[in-house]
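As the structure is a computational prediction, the values presented were derived from the model and not from experiment. In what follows, chains carry the letters A, B, and so on, assigned in the order in which the sequence lines appear, proteins first and then strands, with residues in each chain numbered from 1.
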Protein chains: 2
Amino acid sequence: MRGVDKNDVPSVTVPRLALYLRKLRELRARGVERVSSKDLAEMIDLNAAQIRKDFSYFGEFGTRGVGYEVPVLVDEITRCLGLDHTWNVVIVGAGLLGTALARYRGFTEQGFRLVGMFDSSASVIGARFGTGEDSRVRSVHELDEFCRRERVDIAMITVPAGEAENTVRRLGAAGVKAILNFAPLKVHAPEGVLVRQVDLSSELMSLSFYLDKEQE
Amino acid sequence: MRGVDKNDVPSVTVPRLALYLRKLRELRARGVERVSSKDLAEMIDLNAAQIRKDFSYFGEFGTRGVGYEVPVLVDEITRCLGLDHTWNVVIVGAGLLGTALARYRGFTEQGFRLVGMFDSSASVIGARFGTGEDSRVRSVHELDEFCRRERVDIAMITVPAGEAENTVRRLGAAGVKAILNFAPLKVHAPEGVLVRQVDLSSELMSLSFYLDKEQE
DNA sequence: GAATGTGAATTTATTCACAGCA
DNA sequence: TGCTGTGAATAAATTCACATTC
């Protein structure tokens with residue numbers, strides 16, 4: 001990003017940019033040409049100043065008195081998020097969840113290219129996960145070498161909890177720079193590797209807390 | 001909760017309680033009897049005062065100079081999160097993701113009981129999703145009546161984006177009080193219904209942002 | 001002595017409110 | 001006039017630091 005120090009961007013702004021982007025793409029698809037921060041704020045149930053401030057960390061994308069051009073904003077946010085180039089992604093763990101992720105659309109659409117899928121179980125190794133001839137589940141034994149050779153950027157891991165820590169370590173050693181962990185435990189992030197936790201049971205527990213609250 | 005006003009609990013504390021609970025259960029399973037906030041903080045990479053403050057919204061669970069009894073803490077947090085009773089859960093959308101969620105363990109373990117699964121496609125209606133004889137995918141036509149009759153508390157929806165909004169409305173009208181939405185769009189929450197978004201592509205986009213940052 | 005529980009200090013995030021520009 | 005962009009004000013969350021208790 002031209003002259004933007006990303007360390008100055010609040011961490012809560014980043015997921016919101018993703019939210020804006022999705023809504024803006026929807027608007028663009030519907031042929032909407034312009035939008036004001038107020039309009040957008042109403043659509044996604046947020047404060048308008050919040051939206052303007054979030055944009056302001058990256059530049060001035062709008063026109064005073066007018067608003068924002070939807071296609072311009074889509075492009076700008078796409079760039080802000082680093083989605084203007086392709087990221088190589090692998091999935092480790094070809095169980096039900098891994099397979100569901102592999103089929104997830106809105107995936108290649110956003111510049112994420114699923115280049116490999118790995119499992120330790122002989123019963124799934126060799127199974128197809130995509131359309132190409134090389135879209136077959138590989139043995140985890142190949143994981144390290146593959147990640148290095150194919151310059152894998154991001155890994156999503158859906159392995160059992162007991163294997164998660166070890167998998168993360170191997171991925172880190174193989175040069176993978178970011179990991180999305182679906183295993184239900186917080187793994188230790190190797191030096192220089194960004195690890196994010198996606199945690200279903202944690203989400204359910206939060207719901208439970210607020211449900212409980214209502215019943216008081 | 002005896003005398004605790006849950007509105008005084010910061011919203012960020014809730015997901016952390018879930019995090020503590022998981023680690024504490026792990027410690028209990030390993031036979032660890034006591035833990036200090038400092039120990040726990042190191043294990044999950046957090047500030048120790050943060051942990052103590054989080055607990056303090058609910059009561060005094062520890063002993064000064066000593067620390068916390070692991071089993072006591074597990075029970076207390078379980079109660080704080082409303083996990084000391086059972087919640088009835090349905091899944092709407094029996095695709096790959098829905099099926100993966102249905103098989104997810106650590107589900108019944110935490111007091112969530114999957115009582116029904118729904119889909120609109122004739123090709124999956126009637127398919128088994130669990131062990132019981134009534135664990136079969138039902139038609140979405142039965143959704144409203146089922147949720148009312150079975151007093152469903154929570155729904156997880158994994159339907160296509162285009163059907164999400166309508167599904168949420170129906171669930172709300174049928175008395176479902178909390179929804180975990182896996183469809184890739186922010187749905188409008190009906191009055192009195194708690195909706196939480198689980199968004200894979202948003203997580204990936206965040207990773208992309210920080211990856212991009214490193215390359216500067 | 002050791003570790004909790006908590007006010008006070010600090011940092012971070014949100015919202016207000018308005019100057020500046022089309 | 002209308003809406004952006006942004007300092008200033010407010011609110012929320014985190015961390016410090018220490019009095020308190022075992």
Report each atom pair, protein N/O against N/O of nucleotides 19-22 of chain C, whose distance is under 3.5 angstrom.
unit_1: dG20(C); atom_1: N3; unit_2: Arg64(A); atom_2: NH1; d: 3.4

Exercise for review: Ignoring the backbone of Val12(B), work out which of dT6(C), dT14(D), dA13(C) is nearest its side chain.
Suggested key: dT14(D)
Check your understanding: Applying ring-ring contact (aromatic ring centres under 6.0 Å, His included), which residue pairs with at least one partner in residues 4-54 of chain B are found, sequence neighbours left out?
Key -> Tyr20(B)-Phe55(B)
Study note, to complete from the structure: Across all chains, not counting sequence neighbours, the salt bridge (charged side-chain N to carboxylate O under 4.0 Å, His left out) partners of Arg16(A) are Asp54(A)
Distance-only criterion, 3.5 Å: show the donor-acceptor pairs between side-chain atoms of residues 187-197 of chain A and protein atoms not counting sequence neighbours.
unit_1: Arg196(A); atom_1: NE; unit_2: Glu203(B); atom_2: OE1; d: 2.9
unit_1: Gln197(A); atom_1: OE1; unit_2: Asn181(A); atom_2: ND2; d: 3.0
unit_1: Gln197(A); atom_1: NE2; unit_2: Ala183(A); atom_2: O; d: 2.9
unit_1: Gln197(A); atom_1: NE2; unit_2: Leu185(A); atom_2: O; d: 3.2

Review point. Between Tyr57(A) (OH) and dG7(D) (P), how many Å, whole number?
Key: 11 Å
**Study point:** Spacing between Asp8(A) atom CG and dG7(D) atom C1', to the nearest angstrom
**Key:** 16 Å
Revision key, fill the gap. note: Phe55(B), atom CZ; dG5(C), atom P; distance rounded to Å ~ 9 Å
Check your understanding: What pair of heavy atoms forms the shortest contact from Ala155(A) to Leu171(A), and how long is it?
Key -> CB-CD1, 3.6 Å
Point to revise | Pairing of Asp199(B) and Arg22(A) as salt bridge, 4.0 angstrom limit | key: yes
Study note, to complete from the structure: With sequence neighbours left out, the residues meeting salt bridge (charged side-chain N to carboxylate O under 4.0 Å, His left out) with Glu26(B) are Lys23(B), Arg30(B)
Check your understanding: Which residues satisfy the salt bridge (charged side-chain N to carboxylate O under 4.0 Å, His left out) test with Arg149(B), sequence neighbours excluded?
Key -> Glu145(B)
**Study point:** Nearest to side-chain heavy atoms of Ser11(A), which nucleotide of dA13(C), dT14(D), dT6(D)
**Key:** dA13(C)
Review point. Under a 4.0 Å heavy-atom cut-off, which of residues 22-44 of chain A touch DNA chain D?
Key: Ser36(A), Ser37(A)
Point to revise | For atom CD of Gln50(B) and atom C1' of dA3(C), their distance in whole Å | key: 18 Å
Point to revise | Inter- and intrachain pairs under side chain to side chain donor-acceptor pair (under 3.5 Å), touching residues 112-121 of chain A, at least two apart | key: Asn88(A)-Arg113(A), Ser121(A)-Ser123(A)
Exercise for review: May I have the distance from Ile51(B) (atom CD1) to dT6(C) (atom C1'), rounded to whole angstrom?
Suggested key: 16 Å
Point to revise | Separation of dC3(D) P from Glu69(A) CD (nearest whole Å) | key: 14 Å
Practice item. Apply salt bridge (charged side-chain N to carboxylate O under 4.0 Å, His left out) to Arg52(B) and list each qualifying residue two or more places apart in sequence or on a separate chain. Key: none
Using a cutoff of under 3.5 Å, can you pull out all pairs of nitrogen or oxygen atoms linking the protein to nucleotides 16-18 of chain D, with atom names and distances?
unit_1: dC16(D); atom_1: OP2; unit_2: Asn47(B); atom_2: ND2; d: 3.3
unit_1: dA17(D); atom_1: N6; unit_2: Arg52(B); atom_2: NH2; d: 3.3

Practice item. Determine the contact category for Thr13(B): base if any of its heavy atoms lies under 4.0 Å from a base atom, sugar-phosphate if only primed atoms, P, OP1 or OP2 are that close, otherwise nothing. Key: nothing
Practice item. For dG5(C), take OP1 and OP2 only and decide whether either is under 4.0 Å from a side-chain N or O of Tyr68(B). Key: yes
Practice item. Search all heavy atoms of Val74(B) against all heavy atoms of Leu21(B) and return the closest pair with its distance. Key: O-CD1, 3.8 Å
Exercise for review: Take atom CG of Asp54(A) and atom C1' of dG5(D), then tell me their distance rounded to the nearest Å.
Suggested key: 13 Å
Exercise for review: Could you check how far CG of Asn7(A) sits from P of dT11(C), rounded to whole Å?
Suggested key: 17 Å
Point to revise | ring-ring contact (aromatic ring centres under 6.0 Å, His included) against Phe182(A), all qualifying residues, sequence neighbours excluded | key: none
Point to revise | All ring-ring contact (aromatic ring centres under 6.0 Å, His included) counterparts of Tyr57(A), not counting sequence neighbours | key: none
